[in-house]
Amino acid sequence: MLKVFLVEDEIVIRNGIKNSIPWESEGFEFVGEASDGELAYPLIKKERPDILITDIKMPFMDGLELSRIVKKELPQIKILILSGYSDFEYAKEAINIGVTQYLLKPISSIKLLEALHEVGGMIEKEREYDRMLERYQKEAEENVHLEQKKLWNDLIANRISTVELLEGGQKVGMDFTATAYLVFLFKITWGGGSTGCSQDAIALSEKIVQTAGTWEQVLTFDRSPEGWVFLIKAETEEEARVRQQACAGQLAELVKEYPDIGYFGGVGSVVHRLGDISQSYLAAGKAFAGRFFTEPNKIISSTDIVNLHRREDDRIDVQSIRSRRSERKLIDEFLRSGTLEEIDSFLEEYLLDIGEQNYQSLLYRQYLIMDLYFTASDFLSDLKIDPENLSEECRDINKIVMQADSPESIRELMGRLFTETMKLRDQNSMKRYGIVLEEARAFIRENYQREDMSLNTVASRVNISPSYFSAIFSAETGQTFVEYLTQVRLEKAKELLMCSSLRTAEIGYEVGYRDSHYFSYIFKKVVGCSPKEYKNRRKEQGA
């Protein structure tokens, strides 16, 4: 219902208006009254009515003065001026203020009700337009985020020229021009599973994105499920590092608000050309892989990682070799949450942590590779994946042990074993995601007619962060969320066009489009003809 507030100094007229209109049955809610503008203003601020009816001539604060200050506070409010004066100057000033209608006294309840319904229609059209605009913006935002992510992936893979990058950046609202660049990777961690996401994590993720949006000279890219990439732009190396540290400080403060959530960050090197950003990204990735070797809630650079493993001499250091239980936990953690692109960085840090003087021993190398094999095998079994799915060269333990004949061979053997194990993990995850995505698609098919159906609504339903859900939905279905929702809605619309007597506007409403013009626009854009043309064409074909 639309809320109405009345300001009239003559009590007889005020009571007459208030009591002569059946407000609720006519679709209105009478929320308050006052005898002059001064008394009315605080009540109006509190009630925030949709429509204000006010007399023009009142003591203390007249209707025009009230209208002027109310319009500043509530620009969307519609104001109906009641006046016993037909003077043109009053009407002209009312128009300048933004008054919707100027009505002359005396006015009957029928005439006032007609004016109220006319204004109510205006309000509904404006709200429908706002909803349509919001929908446009949500669709546009999803497409822009996908384009930004693709642009970043092309950049770090060196699949795009400088000119293409600059032009592509302009299309998605990103200016890549600078004289210094620094890549900063950041991720939050919580106790949920690999596909799940706590409500706190979702809330924090939204805060991080909002905060990052306020940073000057910083471009943000979604890196789900591994967090975000922040590309720091600056004029000098020092400025880039200062800016990165400021961003890191703000992120750490945000995470502090959520005691059950941790974080980790990796900082790359400063580069001066767009084509070298991939080098900064690799350095940041190397530092980011250090999260498996250090305490949580840290932001480190690749230099910090190297310093962690520096030893005073090259003597065999038995004490430096961690317990097998601790080592297996580290490997298991990496196999569970690491990525294929992090394998090289992880192995480098892992072998540095062991110490070259330790794996010079053939016996130790053989022991190490056997232990890694059994850790990987147990990990796969825990995921209910048969280790026999590994290639023969990775599952023949005797052959693997014999190949560990040199310090150089150990890294190659470990890399091969990790790569195959994690590929099997990812294939298994895709099956699990398939179940989650089918649940999401089923939810969409059952609730497509809801006006509030959105990416966030469905992501919350399947307990995945919106950005991650968007990424896996597009990757697995080949469609964006909006494209799939539109497809479902329009298939049902086609059915209703052919099998019901509903009008086009009613069909649009039935499938989730409250605005008939927007429904017709989307239908023609996707199907190639208007709903009416589709209906007539199909009837002609059936004749």
Side-chain angles (χ1 to χ4, degrees), residues 1-2 25-28 50-51 76 78 100-101 113-147 171 437-438 440-458 461 470 473-474 477-543:
M1 287 189 179
L2 298 176
S25 63
E26 292 293 339
F28 300 99
D50 302 296
I51 301 173
Q76 301 302 318
K78 302 301 177 187
T100 306
Q101 289 203 21
L113 191 55
E114 287 177 359
L116 284 168
H117 279 301
E118 184 178 343
V119 171
M122 292 171 59
I123 293 173
E124 288 302 323
K125 284 183 180 179
E126 288 177 3
R127 289 180 177 176
E128 195 60 52
Y129 175 79
D130 289 341
R131 286 193 290 267
M132 183 177 70
L133 188 62
E134 183 181 357
R135 187 174 292 160
Y136 273 129
Q137 290 171 339
K138 283 182 179 178
E139 292 179 11
E141 282 175 12
E142 183 180 358
N143 291 331
V144 166
H145 288 156
L146 291 173
E147 286 299 317
K171 292 178 181 177
L437 290 175
E438 184 49 45
R441 285 193 289 262
F443 180 74
I444 293 169
R445 290 193 297 268
E446 292 170 6
N447 298 276
Y448 62 86
Q449 71 278 10
R450 285 173 48 177
E451 186 183 9
D452 65 344
M453 178 61 67
S454 67
L455 178 72
N456 287 0
T457 303
V458 182
R461 170 75 179 193
S470 176
F473 192 93
S474 299
T477 66
Q479 293 177 293
T480 66
F481 167 80
V482 170
E483 288 171 341
Y484 182 76
L485 175 60
T486 301
Q487 175 187 317
V488 171
R489 284 173 163 172
L490 294 189
E491 286 303 316
K492 184 62 179 179
K494 290 177 184 178
E495 178 185 330
L496 292 173
L497 283 167
M498 301 311 298
C499 304
S500 77
S501 58
L502 294 174
R503 293 182 293 110
T504 298
E506 294 172 325
I507 290 174
Y509 192 91
E510 284 294 316
V511 299
Y513 297 105
R514 299 299 182 258
D515 183 88
S516 59
H517 298 294
Y518 183 67
F519 168 61
S520 296
Y521 163 77
I522 289 293
F523 193 96
K524 188 168 186 177
K525 179 182 176 183
V526 175
V527 181
C529 62
S530 69
K532 185 177 181 180
E533 290 170 339
Y534 179 85
K535 187 170 187 174
N536 292 338
R537 188 183 304 170
R538 296 301 294 270
K539 283 185 176 179
E540 290 170 2
Q541 291 174 354

query: Looking only at atom types and distance, does a side-chain atom of Glu124 sit under 3.5 Å from a main-chain N or O of Gly121, one as donor and one as acceptor?
result: no

task: Give the minimum heavy-atom separation between Leu455 and Phe481, together with the two atoms involved.
output: N-CE2, 3.2 Å

Lys532: partners by side chain to side chain contact (heavy atoms under 4.5 Å, CB included), with sequence neighbours left out: Ser530, Asn536

field: Lys524 vs Tyr534, side-chain contact (heavy atoms from CB on, under 4.5 Å): CA-CA, chis, key distance, verdict
entry: CA-CA 9 Å; Lys524 188 168 186 177; Tyr534 179 85; over 6 Å; no

message: Nearest 0.5 angstrom please: Leu490 CG to Leu496 CG, how far?
response: 11.5 Å

- request: Just jot down the side chain to side chain contact (heavy atoms under 4.5 Å, CB included) partners of Gln479, sequence neighbours excluded, or say none.
  value: Thr477, Glu483, Tyr484, Gln487

- request: Please test Ile123 against Gln76 for side-chain contact (heavy atoms from CB on, under 4.5 Å), starting from the C-alpha separation and ending with a verdict.
  value: CA-CA 9 Å; Ile123 293 173; Gln76 301 302 318; over 6 Å; no

query: Do Met122 and Gln101 touch side chain to side chain, with heavy atoms closer than 4.5 Å?
result: no

query: Does any non-hydrogen side-chain atom of Thr486 lie less than 4.5 Å from one of Ile522?
result: yes

query: What are the two closest heavy atoms between Phe523 and Ala493, and how far apart are they?
result: CE1-CB, 4.4 Å

- line: Smallest heavy-atom separation, Val458 atom then Ala440 atom, equals CG1-CB, 3.7 Å

field: Which residues share a ring-ring contact (aromatic ring centres under 6.0 Å, His included) with His117, sequence neighbours left out
entry: Phe28

message: Are there over 12 heavy-atom neighbours, none belonging to Arg461, within less than 6.0 Å of that residue's CZ?
response: no

- line: Nearest heavy-atom contact between Leu502 and Lys535 is O-NZ, 4.2 Å

- prompt: So how far is it from Met1 CE to Asp50 CG, rounded to the nearest 0.5 Å?
  reply: 12.0 Å

- request: For Arg441, enumerate each residue passing the side-chain hydrogen bond (donor to acceptor under 3.5 Å, both in side chains) test, keeping only those at least two apart in sequence or located in another chain.
  value: Glu438

Distance, nearest 0.5 Å, that separates CD of Glu26 from CG of Leu113: 4.5 Å

message: When you compare the side chain of Val119 with that of Lys78, does any pair of heavy atoms fall below 4.5 Å?
response: yes

- request: Could you tell me whether the side chain of Arg489 and the main chain of Tyr448 form a donor-acceptor pair under 3.5 Å?
  value: yes

message: Set out, in order, the CA-CA distance, both residues' side-chain angles and the distance that settles side-chain contact (heavy atoms from CB on, under 4.5 Å) for Thr504 and Ser520, then state yes or no.
response: CA-CA 8 Å; Thr504 298; Ser520 296; 4.1 Å; yes

message: Among residues at least two apart in sequence or on other chains, which ones pass ring-ring contact (aromatic ring centres under 6.0 Å, His included) with Tyr509?
response: none

field: Enclosure of Arg450 CZ (heavy-atom neighbours >12, cutoff 6.0 Å)
entry: yes

message: If I compare all heavy atoms of Ile507 with all of Phe519, which pair ends up nearest, and what's the gap?
response: CG2-CZ, 4.1 Å

Partner set under side-chain hydrogen bond (donor to acceptor under 3.5 Å, both in side chains) for Ser500, not counting sequence neighbours: none

